Amino acid sequence: MEITWGLLIVIYLFTAGVSAGAMITSNLTLLLGGKDFERVGRWGAFISPFPISLGLGVLLLDLGSPFNFYRLFMTLQVRSPMSYGSWAILFFTLLSVAYLYLWLPQKLQIVGETKALEQWKKRLAKIIPFLAVGVASYTGLLLNAAARPLWAAPLLPVLFLVSALSTGVAAVIFISAITPWQRARQGELHLLTKVDALLIVLECFILLAMIVMGRLSSLSVAEAFGSMIYGQFAFVFWILIVGLGLLVPFSLEYLELKEKFSVRWTLPVTIGSSFLVLFGGFFVRYIITYAGQLSRWF
């Protein structure tokens, strides 16, 4: 079967998830952690607008007629996942830029008073997570609506949401650990590492549940999941996703949380494990996109 959605679509799905996850990370650390988690909150806000902007850019390239993109916003079709998803992404992108401005150093905030901006920051932090959840999961709902056996999995939107949260947290860890400016404190990284380890475990259970449900389903769905676990996509699934994207980073994070590494190696391990989470998250979108298009109904 022909591959219609290629690598550009995979990049779009991945970057939208990273942006949504980074935004939720920033929102929750601001609302629940306050000043103690200010640095990771700031980096989540700084990261969020850029991956999704890149993703929208490559999506326009993939459409072939990018100047017709505006037609998605001429109407709102309540029963169409693409319609409300497009609106959610538009509002999320605009609000993420506004939210980034509220996190800028005071000397760069040329509009608004400091006290009022702080109040708006907390207001947006209470609103944007709902949009972020929609952005993270809507692509799974969009694939659910397509006529492909692999994409019919009911847990697909949940997988995309959890993977988005994990990659978003990993992006915040990675950037806030490597930057020389406003580098995250060890306590901040420790908590985010713990959260990411829990998300990896949850993602593993969702993948397992999807595979079991798929293999017990109709012949078409069973064959679609078979292509992932023992067919042409087995290397991507077992090595790039399960191995390098889930088990290795989880093991590194677990050992780091148990303080099994010397102080000298703590930061490199943190950077390496967060990068692998991002690596695995990309290939989750890759395998779902490609294997899904090659699956067919019998």
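When reading the values below, keep in mind they use all heavy atoms of this one structure, side chains included, and skip hydrogens, waters and symmetry mates. None of the values given here were measured: they were computed from a predicted structure.
Separation of atoms CG (Leu94) and CZ (Phe92) is listed at 11.0 Å; rounding is to 0.5 Å. In this structure, the separation between CZ on Phe283 and CZ on Phe235 is 8.5 Å, given to the nearest 0.5 Å. Between atom CE of residue Met210 and atom CZ of residue Phe225 there is a gap of 4.5 Å, rounded to the nearest 0.5 Å. A distance of 11.5 Å separates CG of Leu8 from OG1 of Thr289, quoted to the nearest 0.5 Å. In this structure, CG on Leu141 lies 8.5 Å from CG on Leu156, to the nearest 0.5 angstrom. Note that OH of Tyr138 and CG of Leu13 are 8.0 Å apart. Values are rounded to the nearest 0.5 Å.
Taking the side chain as every heavy atom from C-beta outward, Val284 and Glu203 approach each other to under 4.5 Å. Proximity of Thr266 to Gln186: side-chain heavy atoms (C-beta onward) are separated by under 4.5 Å at one or more points.
The main-chain N or O of Val135 is never found under 3.5 Å from a side-chain atom of Thr139 such that the two would form a donor-acceptor pair. Side-chain N or O atoms of Trp5 include none that pairs as donor or acceptor with a backbone N or O of Val10 at under 3.5 Å. Of the possible donor and acceptor atoms, one in the side chain of Asn144 sits under 3.5 Å from a partner among the backbone N and O of Trp151. Checked by atom type and distance alone, the side chain of Ser19 pairs as donor or acceptor with a backbone atom of Ser48 at under 3.5 Å.
With hydrophobic clusters built from ILVMFWY side chains whose heavy atoms lie under 4.5 angstrom apart, Phe250 does not share a cluster with Leu257. Clustering ILVMFWY residues whenever any of their side-chain heavy atoms sit less than 4.5 angstrom apart, transitively, puts Leu142 in the very cluster that holds Leu90. Hydrophobic cluster membership differs between Phe130 and Val97, with clusters built from Ile, Leu, Val, Met, Phe, Trp and Tyr side chains linked at under 4.5 angstrom.
When every heavy atom of Pro157 is checked against every heavy atom of Gly140, the shortest pair comes out as CG-C, 3.8 Å. The shortest non-hydrogen separation linking Arg148 to Gln293 is NE-O, 3.3 Å. Across all non-hydrogen atoms, the minimal contact from Val40 to Glu188 is N-OE2, 3.2 Å. Ala136 approaches Ala20 most closely through the heavy-atom pair CB-CB, 3.9 Å. Between Ile229 and Phe237, the closest heavy-atom pair is CG2-CE2, 3.9 Å. Pairing each heavy atom of Asp36 with each of Arg185, the nearest pair is O-NH1, 3.7 Å.
Annotation: side chain to side chain contact (heavy atoms under 4.5 Å, CB included) contacts of Leu198 (sequence neighbours excluded): none. For Ser26, the side chain to side chain contact (heavy atoms under 4.5 Å, CB included) partners two or more places apart in sequence, or in a different chain, are Ala45, Tyr99, Trp103. Residues that satisfy the ring-ring contact (aromatic ring centres under 6.0 Å, His included) test with Phe14, not counting sequence neighbours, are Phe282. Listed by chain and number, the residues in a side chain to side chain contact (heavy atoms under 4.5 Å, CB included) with Val158 are Leu155, Val162, Ile206 (sequence neighbours excluded). The side chain to side chain contact (heavy atoms under 4.5 Å, CB included) search around Leu247 returns Val242, not counting sequence neighbours. Partners of Tyr254 according to the side chain to side chain donor-acceptor pair (under 3.5 Å) rule, which considers only residues two or more places apart in sequence or in another chain, do not exist here.
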Checklist line | Stepwise side-chain contact (heavy atoms from CB on, under 4.5 Å) check, Phe160 with Ser137 | finding: CA-CA 6 Å; Phe160 274 28; Ser137 57; 5.7 Å; no
Item checked: Test side-chain contact (heavy atoms from CB on, under 4.5 Å) applied to Gln232 and Leu294, step by step -> CA-CA 10 Å; Gln232 68 183 101; Leu294 293 178; 3.7 Å; yes
Item checked: Audit row: Trp297, Val221, side-chain contact (heavy atoms from CB on, under 4.5 Å) steps and yes/no -> CA-CA 8 Å; Trp297 296 102; Val221 177; 4.1 Å; yes
Item checked: Worked check of side-chain contact (heavy atoms from CB on, under 4.5 Å) between Leu192 and Phe37 -> CA-CA 10 Å; Leu192 290 188; Phe37 293 88; 6.0 Å; no
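Using a 4.5 Å cut-off between side-chain heavy atoms of Ile, Leu, Val, Met, Phe, Trp and Tyr, Leu216 falls into a hydrophobic cluster with Leu208, Val212.
Among the candidates Ile175, Thr179, Leu104, the single residue satisfying the side chain to side chain contact (heavy atoms under 4.5 Å, CB included) test with Phe46 is Leu104.
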May I have the list of side-chain donor-acceptor pairs in residues 164-172 shorter than 3.5 Å, sequence neighbours left out?
unit_1	atom_1	unit_2	atom_2	d
Ser166	OG	Asp196	OD1	2.8
Thr167	OG1	Ser163	O	2.9
Thr167	OG1	Ala164	O	3.1

List, one per line, each side-chain donor-acceptor pair under 3.5 Å for residues 50-61, sequence neighbours excluded.
unit_1	atom_1	unit_2	atom_2	d
Ser53	OG	Pro49	O	2.6

Would you give me the side-chain donor-acceptor pairs under 3.5 Å for residues 271-279, sequence neighbours excluded?
unit_1	atom_1	unit_2	atom_2	d
Ser273	OG	Val269	O	3.0
Ser273	OG	Thr270	O	3.1
Ser274	OG	Thr270	O	3.0
Ser274	OG	Ile271	O	2.9

May I have the list of side-chain donor-acceptor pairs in residues 116-128 shorter than 3.5 Å, sequence neighbours left out?
unit_1	atom_1	unit_2	atom_2	d
Glu118	OE2	Lys121	NZ	3.2

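Residues in residues 207-226 take part in these side-chain hydrogen bond (donor to acceptor under 3.5 Å, both in side chains) pairs, two or more places apart or across chains: Arg215-Tyr230.
Counting non-hydrogen atoms of other residues, nucleotides and ligands closer than 6.0 Å to CH2 of Trp265 gives a total of 12 or fewer.
A salt bridge between Glu38 and Arg42 is present, with a side-chain N of the basic residue lying under 4.0 Å from a carboxylate O of the acidic one.
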